[in-house]
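Report on one structure; see the data block that follows.
These numbers come from a predicted model, not from an experiment. If you read the sequence from its start, that first residue is 1, and numbering goes on from there.
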Amino acid sequence: MADARKGRAGALAGTGHLVRLALRRERGIAPWWILLIVALALALVSYVNRAMGTYELKLTYVELATRNVFLRALGGGLIEPRLEVIATWRSGGFLYVASALAALMSVVRHTRREEDEGRAELVRSGMVSRHAPLTAALLVAGGISLAGGVLTGAVLVGLGFELVGTVAYGAAITVAGWVFGAVAAVAAQLARSARTATAISLAALGAAYVMRYAGDATGQYWLKALSPIGWSHLVRAYQDERWWLLGVSVLVSVVLYAVAYRLLDRRDLGEGLLPERLGRESAPELRGPISLAWRLHRALLAKWAAGVACFAAAGAGLSPLAQDLLSRPSLVVRSITSLLGVSDTSTALGAYSWYLILIIAYAVALYPVLMTLRLRSEETSGRAETVQSTPITRLRWAAGHLVVTGLGTAALMAVAGLVFGALYSLLVGDLARDLPRFLVGALSAVPAAWCVGAVCALAYGLLPRASVAISWIVWLLTAGLGKVVSPLYGLWHGTPLEPFHYIPNPMLGTPFDLRPALTLTALTALLVGGALAALRRRDFG
């Protein structure tokens, strides 16, 4: 028995030190994820209190949400005219998704990315067991999800919510993170790079959310029962609290942990179990920095384009339902038209369509942020320095990436406008009139997305060590202060602190104003010029 205990201790040697190291590295990232989860829960409670302050308004909203497929699928599950039920239902599972995202990103960051950058090999040269890095990553990621669930529950109890339902809700948030932390642990063993492991994990999370949404939209609830995100919804906090579904999430997490450890024992350090697609031996088209950047970015751009097209198609597909809903005057419809910024229902459908395109635009604004962060990744990994041993200079290398990023951002919004406009025209509009209108409307948001990426590029040029944190903060503030999220805390038309605030709604039939787009484009050029100048003056690598 003593030998068995010694063997188990040896298998986890160094785990404590790696946990402390991971916590130190997470101190600038994890608190923001936890704050996002708690703040979103509070914002939804505040929104329900303001918009549905009486029982009659709550009952009207419940009846409307029950009849409307879009609202029913967005929230997920049954709804009751009570503050706690509407607030948690209205989140649409975004708190579960945020917990899952925080966990899977943390696991990949402390496992596969450490191997990619060579630090894992250095750590393993000390008194550290083979299983210690993965164990430390899972403990830290699980702790982040647990903190998000516990703090959210504590805040809601402080607001007067019942204890039992709040515990169930906090636990549902926590286990969603545990499941996808385990998914990321398996992906880190299968993939040969952090980028591929992240893509596998995000694909699994996206599939889980789509299955949950489709199950609620179509009434095929077996789809929801197969989704890990659906399991958290099915807990039904503040209603009948199905505790056993929490056990299902924990059991699946444990099974995936075991699979991850088994796969870890079957692969070499720095390798993955899935075969990597090898590049061609010669690539004559790589004649400059732009062609090099295009080759690096094109696969990810294609995945983004597919995701944007799917969301645009889903949004446009709801146009007949939205048209029917907005044609029936009610207190809820008046609240919706106020949110959309229109005074009557005749233009409300166009405003609704612009609102959905704006949601896509805020998401697409993340694309230039991620591409700018890739510059930092290329620099720290040493690949950029290798490229600069050729005639490609530092500025040409960075400019090539930024040009491809800008064109890719515009292409994504063009895809959104074309898909949304074509499907909208077929369902409720006219192709000759509406398709150009939607395309121009989607492209009008491109300068604002460019501006977000340009701020991140300037941070990369001036403060490379802090650029990752700054870039994420910039995007989160842009989305959090924007026209989509700010109504949750009473700012119905956004704030002037983010660039999308200045893009007018082109769907209302008013003359198109080029001045905001030109101003934002000029500001983007100025910020990018400053970024390149700062990059030229500072030490590289």
**Study point:** 4.5 Å side-chain heavy-atom contact, T519 and L523
**Key:** no

Review point. Which heavy atom in V452 sits nearest to a heavy atom in P499, and how many Å separate them?
Key: CG2-CG, 3.8 Å

Practice item. Could you tell me the separation between the CD1 atom of I144 and the CG atom of L23, rounded to the nearest 0.5 Å? Key: 8.0 Å

Point to revise | Derivation of the side-chain contact (heavy atoms from CB on, under 4.5 Å) call for W294 and L301 | key: CA-CA 9 Å; W294 165 247; L301 180 62; 3.7 Å; yes

Check your understanding: When you measure from the side chain of R376 to the backbone N and O of P464, does any donor-acceptor pair fall under 3.5 Å?
Key -> yes

**Study point:** Heavy-atom side-chain contact between P504 and P516 under 4.5 Å
**Key:** yes

Review point. Roughly how far apart are L104 CG and F180 CZ, rounded to 0.5 Å?
Key: 8.0 Å

**Study point:** Residue pair P133 / E114, side-chain heavy-atom distance below 4.5 Å
**Key:** no

Exercise for review: Please work out whether the ring planes of Y261 and H131 are parallel, tilted or perpendicular, with thresholds of 30° and 60°.
Suggested key: perpendicular

Point to revise | Within-4.5 Å side-chain heavy-atom neighbours: V369 and V474 | key: no

Check your understanding: Hey, are the side chains of L497 and L477 touching, using non-hydrogen atoms and a 4.5 Å cut-off?
Key -> no

Exercise for review: Ignoring hydrogens and angles, tell me if any N or O in the side chain of Y502 forms a donor-acceptor pair with the backbone of P496 under 3.5 Å.
Suggested key: yes

Point to revise | Atom pair CZ (R515) and CG (L520), whose distance is rounded to the nearest 0.5 Å | key: 13.0 Å

Review point. For the residue pair A98 and L36, what are the closest heavy atoms and their distance?
Key: CB-CD2, 4.4 Å

Practice item. Would you please test H501 and L481 for side-chain contact (heavy atoms from CB on, under 4.5 Å) and show each step? Key: CA-CA 9 Å; H501 178 80; L481 298 175; over 6 Å; no

Point to revise | S253 side chain reached by V175 side chain, heavy atoms, under 4.5 Å | key: no

Point to revise | Closest approach of A182 to Y257 (non-hydrogen atoms, all atoms of both residues) | key: CB-CE2, 3.3 Å

Check your understanding: For A399 and L532, which heavy atoms make the closest approach, and how far apart are they?
Key -> N-CD2, 4.3 Å

Practice item. Could you tell me how the ring of W33 sits relative to the ring of W472: parallel (under 30°), tilted (30 to 60°) or perpendicular (over 60°)? Key: tilted

Exercise for review: Enter the distance from W304:CH2 to L300:CG here, rounded to the nearest 0.5 Å.
Suggested key: 7.5 Å

Practice item. With sequence neighbours left out, write down each residue that passes side chain to side chain contact (heavy atoms under 4.5 Å, CB included) with V210, or none if nothing qualifies. Key: none

Point to revise | Check against side-chain contact (heavy atoms from CB on, under 4.5 Å), R195 and R374 | key: CA-CA 10 Å; R195 190 175 303 164; R374 182 169 288 187; 3.2 Å; yes

Check your understanding: Is there a side-chain contact (heavy atoms from CB on, under 4.5 Å) between Y362 and E498 once you walk through the steps?
Key -> CA-CA 11 Å; Y362 280 107; E498 55 92 17; 3.0 Å; yes

Exercise for review: Name the orientation class of the two ring planes belonging to F438 and Y424 (parallel below 30°, tilted from 30 to 60°, perpendicular beyond 60°).
Suggested key: tilted

Review point. Shortest non-hydrogen contact from T111 to A137?
Key: CG2-CB, 3.6 Å

Point to revise | Q189 backbone acceptor or donor facing R266 side chain under 3.5 Å | key: no

Check your understanding: R212 side chain to G230 main-chain N or O, any donor-acceptor pair under 3.5 Å?
Key -> no

Check your understanding: Is it true that a side-chain atom of S99 and a backbone atom of L95 form a donor plus acceptor pair closer than 3.5 Å?
Key -> no

Check your understanding: From L18 CG over to R25 CZ, what is the distance, rounded to the nearest 0.5 angstrom?
Key -> 11.0 Å

Check your understanding: Do the non-hydrogen side-chain atoms of L205 and I229 ever get within less than 4.5 Å of each other?
Key -> yes

**Study point:** Heavy-atom closest contact (L366 atom, W475 atom, distance)
**Key:** N-NE1, 3.5 Å

Check your understanding: Between CE of M371 and OG1 of T409, what distance do you get to the nearest 0.5 Å?
Key -> 9.0 Å

